[in-house]
Amino acid sequence: MKFTLGIEEEYQVIDPVTRELVSHDQKIVTEATKVLDDQVKAEMHQAVVEVGTNICENIADAKKQVTHLRKSISGIANNLGFKIGAAGTHPFSKWETQLITPNPRYEEIVKELQDTARSNLIFGLHVHVGMADKNMALHLVNAMRYFLPHLYALSTNSPFWEGRNTGFKSFRSKVFDKFPRTGIPGIFDNYAQYENYVNLLVKTKCIDNPKKIWWDIRIHPIFPTLEVRICDVPLTVDETICIAALIQALVAKLYKLRTQNLNFMVYHRALINENKWRAGRYGIDGKMIDFGLEKEIETKLLMHEFVAFLDDVLDDLGSRKEVEYIFKMLENGTGADRQLKVYEQTKDLTKVVDYITQQTILGL
């Protein structure tokens with residue numbers, strides 16, 4: 001198995017003078033399409049640009065592609081008089097002032113979901129890992145759910161919302177929780193059972209297509225991948241690549257266990273949600289529950305255990321260096337920690353925006 005990767009990032013379009021989110025009237029997308037083809041697209045809000053890699057053969061290829069995308073979009077944005085930022089929420093722009101992209105699909109979503117859609121001004125990281133066998137993908141999704149709070153805690157990068165320190169390390173998922181069909185999914189015994197669920201939703205007009213299932217992890221309805229969607233978009237390329245490498249290694253490890261007829265314990269959604277709550281609130285500075293031991297453990301310690309669990313697949317994947325960047329992240333703090341530090345020092349949210357835009361292009 002190759003465990004190919006695909007990475008999608010959503011960027012903020014920022015006015016360099018006011019530091020507010022600003023509509024780019026799809027100019028960035030129009031220009032970027034000339035050089036990046038279909039790797040860039042508009043999102044529901046006009047202050048968002050989404051990019052996606054082509055299929056990446058390995059983590060080194062993924063890093064090269066994500067770096068190229070950030071550099072290209074940043075350069076195009078600069079030429080048009082904008083900046084781009086990678087953070088889960090904007091520190092102070094209000095969703096009420098942001099324009100919706102004219103598009104029948106978005107108009108339909110707004111018509112159905114109303115203010116939950118209009119206020120969904122958030123920016124995420126989605127990581128795909130190639131897995132053509134749907135039943136195997138479903139088994140892996142069931143097992144991977146346990147580790148979603150670990151990945152989420154590491155990615156936390158949205159402490160501010162509409163000019164306030166929310167007290168959360170990631171407020172982005174609190175905003176997204178208002179949507180239907182979000183969060184940690186339940187367990188499905190096999191792919192046929194999952195298909196029956198989707199078909200019932202379509203038949204009863206809950207959804208018109210399976211792309212409207214927005215869980216934190218899902219089997220992608222079009223691509224032969226499983227997709228992890230829980231993470232805030234990280235500040236830097238190195239952080240994005242570390243998280244993608246962890247996700248790829250987790251798929252490879254759980255696949256290896258399955259093919260050796262060994263299974264990872266599958267936990268109830270209600271339990272995993274307790275850890276997700278803690279991850280969003282405290283990031284890497286809190287404690288999470290070790291369900292096997294039935295006790296609280298410091299999240300940073302659990303991260304070390306997580307890497308140890310993945311150790312035997314890292315060399316085959318060629319991703320040891322990228323996965324071990326997690327130790328640098330634990331030392332430096334997540335994007336949320338660093339944003340909060342800038343705010344503590346300056347008491348100025350425009351300086352936080354400046355920090356975000358600087359970090360987004362760091363090392364490119």
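Just so you know, these numbers come straight off a predicted model, no measurement behind them. Quick note: residue numbers are just sequence positions, from 1.
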From CA spacing to verdict: salt bridge (charged side-chain N to carboxylate O under 4.0 Å, His left out), Glu20, Lys94: CA-CA 9 Å; Glu20 293 270 9; Lys94 292 189 166 19; over 6 Å; no
Cationic N near anionic O, under 4.0 Å, Lys287 to Glu298: no
Contacts of type side chain to side chain contact (heavy atoms under 4.5 Å, CB included), residue Asp61, not counting sequence neighbours: Cys56, Glu57, Asn58, Gln65
Phe176 ring center near Phe171 ring center (under 6.0 Å): no
Parallel, tilted or perpendicular, as decided by the 30° and 60° cut-offs, for the rings of Phe179 and Trp214: perpendicular
Proximity of His304 and Phe327 rings by center, below 6.0 Å: yes
Fellow cluster residues of Phe223, listed by chain then number, with links counted only when side-chain atoms sit under 4.5 Å apart: Ile222
Geometric class of the Tyr197/Trp215 ring pair [parallel <30°, tilted 30-60°, perpendicular >60°]: parallel
Hydrophobic cluster partners of Leu80 (side-chain heavy atoms under 4.5 Å): Tyr11, Val13, Val22, Ile28, Val29, Val35, Leu36, Val40, Val49, Val51, Leu69, Ile73, Ile76, Phe82, Ile84
ring-ring contact (aromatic ring centres under 6.0 Å, His included) partners of His268, counting only residues at least two apart: none
Any side-chain donor near an acceptor of the partner, Asp232 and Thr156, under 3.5 Å: no
Ser23 and Gln98: side chain donor to acceptor below 3.5 Å: no
Aromatic plane relationship, His220 with His128 - under 30° parallel, 30 to 60° tilted, over 60° perpendicular: tilted
Residues Arg229, Asp216: salt bridge by 4.0 Å N-O rule: no
4.5 Å side-chain heavy-atom contact, Met44 and Ile109: yes
Residues Asp238, Lys328: salt bridge by 4.0 Å N-O rule: no
Arg118 bridged to Asp115 by N-O distance under 4.0 Å: yes
Side chain to side chain contact (heavy atoms under 4.5 Å, CB included) partners of Pro224, counting only residues at least two apart: Ala132
Rounded distance (nearest 0.5 Å) linking atom NZ of Lys253 with atom CG of Leu314: 9.5 Å
Thr240 vs Glu9, side chain to side chain donor-acceptor pair (under 3.5 Å): CA-CA, chis, key distance, verdict: CA-CA 9 Å; Thr240 286; Glu9 293 191 310; 2.6 Å; yes
Residue list, ring-ring contact (aromatic ring centres under 6.0 Å, His included) with Phe306, at least two apart or on another chain: Phe147, His150
Asp208 and Lys212: CA distance, side-chain angles, deciding distance, side-chain contact (heavy atoms from CB on, under 4.5 Å) verdict: CA-CA 8 Å; Asp208 55 7; Lys212 286 184 178 169; 3.3 Å; yes
Interatomic distance, Ile247 atom CD1 to Ile217 atom CD1 [nearest 0.5 angstrom]: 8.0 Å
Residues in ring-ring contact (aromatic ring centres under 6.0 Å, His included) contact with Tyr267, at least two apart in sequence or another chain: Tyr146, Phe291
Salt-bridge present (Lys83, Asp15; N to O < 4.0 Å): no
Gap between atom CG of Leu246 and atom CG of Leu154 - 0.5 Å precision: 6.5 Å
Working for side-chain contact (heavy atoms from CB on, under 4.5 Å), residues Val228 and Met144: CA-CA 9 Å; Val228 175; Met144 284 174 73; 3.8 Å; yes
Thr4 side chain near Val129 side chain, heavy-atom distance below 4.5 Å: no
Contact check, side chains of Val233 and Glu10, non-hydrogen atoms, under 4.5 Å: no
Test side-chain contact (heavy atoms from CB on, under 4.5 Å) applied to Val175 and Lys178, step by step: CA-CA 6 Å; Val175 177; Lys178 298 195 292 280; 3.9 Å; yes
Salt-bridge criterion met for Asp337 and Lys169 (N-O under 4.0 Å): yes
Rounded distance (nearest 0.5 Å) linking atom CD1 of Ile122 with atom OG of Ser173: 8.0 Å
Ring centres under 6.0 angstrom apart (Tyr343, Phe160): yes
Exam field: side chain Asn120 to backbone Thr116, donor-acceptor pair closer than 3.5 Å: no
Leu254 and Leu250, any side-chain heavy atoms less than 4.5 Å apart: yes
Basic-acidic side-chain contact under 4.0 Å: Glu112, Lys205: no
NZ/NE/NH1/NH2 to OD/OE distance under 4.0 Å, Lys34 and Glu31: yes
Working for side chain to side chain donor-acceptor pair (under 3.5 Å), residues Asn103 and Thr101: CA-CA 6 Å; Asn103 177 300; Thr101 303; over 6 Å; no
Set of residues satisfying side chain to side chain donor-acceptor pair (under 3.5 Å) with respect to Asp315, sequence neighbours excluded: Arg320
Atom pair CD/CD1 of Glu274 and Ile289 - distance to nearest 0.5 Å: 5.5 Å
Any residue meeting side chain to side chain contact (heavy atoms under 4.5 Å, CB included) with Pro102, in chain and number order, not counting sequence neighbours: Gln46, Glu107
Salt bridge flag under 4.0 Å for residues Asp312 and Lys256: yes
Arg278 and Glu296 ion-paired at < 4.0 Å: yes
Pair Arg338 + Glu239: basic N to acidic O under 4.0 Å: yes
Hydrophobic cluster (4.5 angstrom, side-chain heavy atoms) - remaining members for Leu200: none
Test log, rule salt bridge (charged side-chain N to carboxylate O under 4.0 Å, His left out), inputs Lys351 and Asp354: CA-CA 5 Å; Lys351 295 287 191 289; Asp354 290 343; 5.1 Å; no
Check: Tyr355 main-chain N/O paired with Gln359 side-chain donor or acceptor under 3.5 Å: no
Steps toward side chain to side chain donor-acceptor pair (under 3.5 Å) verdict (Ser170, Tyr152): CA-CA 9 Å; Ser170 171; Tyr152 177 40; 3.1 Å; yes
Greater than 12 external heavy atoms within 6.0 Å of Gln260's CD: yes
Pair listing, ring-ring contact (aromatic ring centres under 6.0 Å, His included) test, anchored in residues 91-124, at least two apart: His90-Phe92
Those residues that, when tested against Ser155, pass side chain to side chain donor-acceptor pair (under 3.5 Å) (two or more places apart): none
